Amino acid sequence: MPLKMSEWIDIRPCRWRGPIQIVTLSLHRFDTRRARLWAFCQMGLARWPLWRMPECQFWKLCGSGSGEGFAPIPETSTWAILACWTDEEAARRHLANAPVFRRWRARASESWTLFLRPTASRGAWTGRQPFVPGPDPGGPLAALTRATIRTRHLRPFWGRVPRISDVIGTDANVAFKIGIGEVPWLHQITFSVWPDEAAMAEFARCDGPHAHAIRAVREGDWFSEELYARFRVVGTRGRWSGARPLPEIAA
């Protein structure tokens, strides 16, 4: 499914120079049972074509949790592809033309991709550091956390997540949020978009379920692996929930 130029939204404040890593998060919603079964099978079948892309430095196929995505019950309608690319041109070319991405868009009832420029990262993901931070271009801020939860801490961890979801869901500053993961219950990825660093810092400082969970994680050594990264949102493609979520805050 080729892309029309009108489908691209570019919200970066300036042009880049030189090859700088771009990370894409492509979300897809599948409405029918047949489409959802197809997406589930793609968790295995889509690995080979992604692995063969030389300009794709890192990729992950993910499912989603129910509600806002921050819940232990899997949501079978929402699936995601996260990928790291050598530069913007490679990211746009492969997302527009590669058969694996075209198949996902053709099967999905709705698709939305965020183009992200890493600005900070620490920790590891399956033993690797996938994100290569570069200069900060400004614009909406995205935060990603990824963790592998120790099996003995699964119950207390997931017991806290719904309360955190309630808090972030009512925060007026959150432009977008979703929870995804590679393996249900064991792996958790949180992704959120904020208008600026001040709004995100205000949420992090609040003495509520989020802060309490962070303290418990640190004191109890709940994670066997964790990664924290920040990005600037430099572009989007498609729609989500019938709308384009981010141009409003970019304006």
Side-chain angles (χ1 to χ4, degrees), residues 7-27 55-60 62 69 80-96 112-147 164 168 171-180 188-206 210-211 214 223 225-238 240 244-251:
E7 293 184 80
W8 295 97
I9 305 173
D10 198 338
I11 58 178
R12 58 190 165 182
C14 60
R15 292 189 177 276
W16 308 339
R17 295 180 180 178
I20 298 176
Q21 186 192 58
I22 290 293
V23 177
T24 57
L25 178 61
S26 299
L27 304 174
E55 293 169 304
C56 185
Q57 302 168 320
F58 182 88
W59 54 266
K60 290 294 178 182
C62 300
I81 304 176
L82 183 142
C84 302
W85 307 93
T86 53
D87 54 41
E88 179 186 9
E89 191 277 332
R92 292 189 180 273
R93 173 163 40 85
H94 283 296
L95 263 73
W112 187 50
T113 294
L114 298 99
F115 292 78
L116 310 166
R117 181 166 165 176
T119 59
S121 181
R122 62 182 175 89
W125 191 332
T126 56
R128 296 179 57 186
Q129 171 47 266
F131 307 125
V132 181
D136 190 337
L141 176 69
L144 180 147
T145 67
R146 187 269 180 187
I164 300 172
I168 194 172
D171 194 316
N173 289 319
V174 184
F176 179 77
K177 67 275 187 187
I178 192 169
I180 56 178
Q188 174 68 9
I189 303 166
T190 64
F191 180 83
S192 55
V193 181
W194 308 77
D196 50 47
E197 292 189 23
M200 188 178 72
E202 182 179 353
F203 172 79
R205 286 195 301 264
C206 179
H210 181 261
I214 291 176
F223 298 156
E225 184 182 58
E226 52 189 314
L227 178 143
Y228 302 90
R230 289 188 181 185
F231 310 83
R232 293 294 183 176
V233 184
V234 295
T236 68
R237 177 208 175 270
W240 197 248
R244 292 173 172 171
L246 299 186
E248 292 82 359
I249 66 169

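What's counted below: heavy atoms across the whole structure, side chains too, no hydrogens, waters or symmetry copies. Only a predicted model underlies this, so the values are computations on that prediction, with no experimental measurement involved.
- Residue Tyr228 holds its OH atom at 6.5 Å from OG1 of Thr145, rounded to the nearest 0.5 Å.
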Check against side-chain contact (heavy atoms from CB on, under 4.5 Å), Ile22 and Asp87:
CA-CA 5 Å; Ile22 290 293; Asp87 54 41; 5.8 Å; no

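- No side-chain heavy atom of Arg230 sits less than 4.5 Å from a side-chain heavy atom of Leu116.
- Taking each heavy atom of Gln21 and Trp85 in turn, the nearest pair found is CG-O, 3.2 Å.
- Looking at Val132, Ile20, Leu144, Val23 one by one, the single match for side-chain contact (heavy atoms from CB on, under 4.5 Å) with Pro118 turns out to be Val23.
- No donor-acceptor pair closer than 3.5 Å links the side chain of Gln188 to the backbone N or O of Thr190.
- Rounding to the nearest 0.5 Å gives a distance of 6.5 Å between SG of Cys84 and CD of Gln57.
- Residue Cys62 holds its SG atom at 6.5 Å from CG of Leu82, rounded to the nearest 0.5 Å.
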Pair Val234-Glu88, side-chain contact (heavy atoms from CB on, under 4.5 Å): steps then yes or no
CA-CA 10 Å; Val234 295; Glu88 179 186 9; 5.9 Å; no

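- Both tests do not hold together for Arg237 against Phe115: distance to the six-membered ring centre under 6.0 Å, angle to the ring axis within 45°.
- Side-chain atoms of Pro19 and Thr86, non-hydrogen and from C-beta on, never get closer than 4.5 Å to each other.
- Between Trp240 and Leu27, the closest side-chain pair of non-hydrogen atoms falls below 4.5 Å.
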Evaluate the side-chain contact (heavy atoms from CB on, under 4.5 Å) criterion for residues Leu25 and Phe231: first the C-alpha distance (whole Å), next the side-chain angles of each, then the deciding distance (0.1 Å), finally the verdict.
CA-CA 12 Å; Leu25 178 61; Phe231 310 83; over 6 Å; no

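- Using a 4.5 Å cut-off on side-chain heavy atoms (C-beta onward), Lys60 and Trp125 make contact.
- Between the Gln129 side chain and the Gly123 main chain, a donor and an acceptor come within less than 3.5 Å of each other.
- Here the side chain of Glu225 pairs a donor or acceptor atom with the backbone of Gly127 at under 3.5 angstrom.
- Of all heavy-atom pairs spanning Arg244 and Gly238, the tightest one is CG-O, 3.5 Å.
- The shortest distance between side-chain heavy atoms of Asp196 and Pro140 does not fall below 4.5 Å.
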For a side-chain contact (heavy atoms from CB on, under 4.5 Å) check, start with the C-alpha distance between Arg128 and Phe58, then their side-chain angles and the critical distance, and finish with the verdict.
CA-CA 9 Å; Arg128 296 179 57 186; Phe58 182 88; 3.6 Å; yes

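- Evaluation of the ring pair (Phe, Tyr, Trp, His ring centres under 6.0 Å) rule for Trp112 yields Phe176 as partners, not counting sequence neighbours.
- Residues satisfying the salt bridge (charged side-chain N to carboxylate O under 4.0 Å, His left out) criterion with Asp136, sequence neighbours excluded, are Arg232.
- With sequence neighbours left out, the salt bridge (charged side-chain N to carboxylate O under 4.0 Å, His left out) criterion links Arg93 to Glu55, Glu89.
- Looking only at side-chain heavy atoms (C-beta outward), Val193 and Val174 stay at 4.5 Å or farther from each other.
- The two residues Leu95 and Ser26 have their closest heavy-atom pair at CD2-OG, 3.7 Å.
- Atom CZ of Phe131 and atom CZ of Arg117 lie 15.5 Å apart (nearest 0.5 Å).
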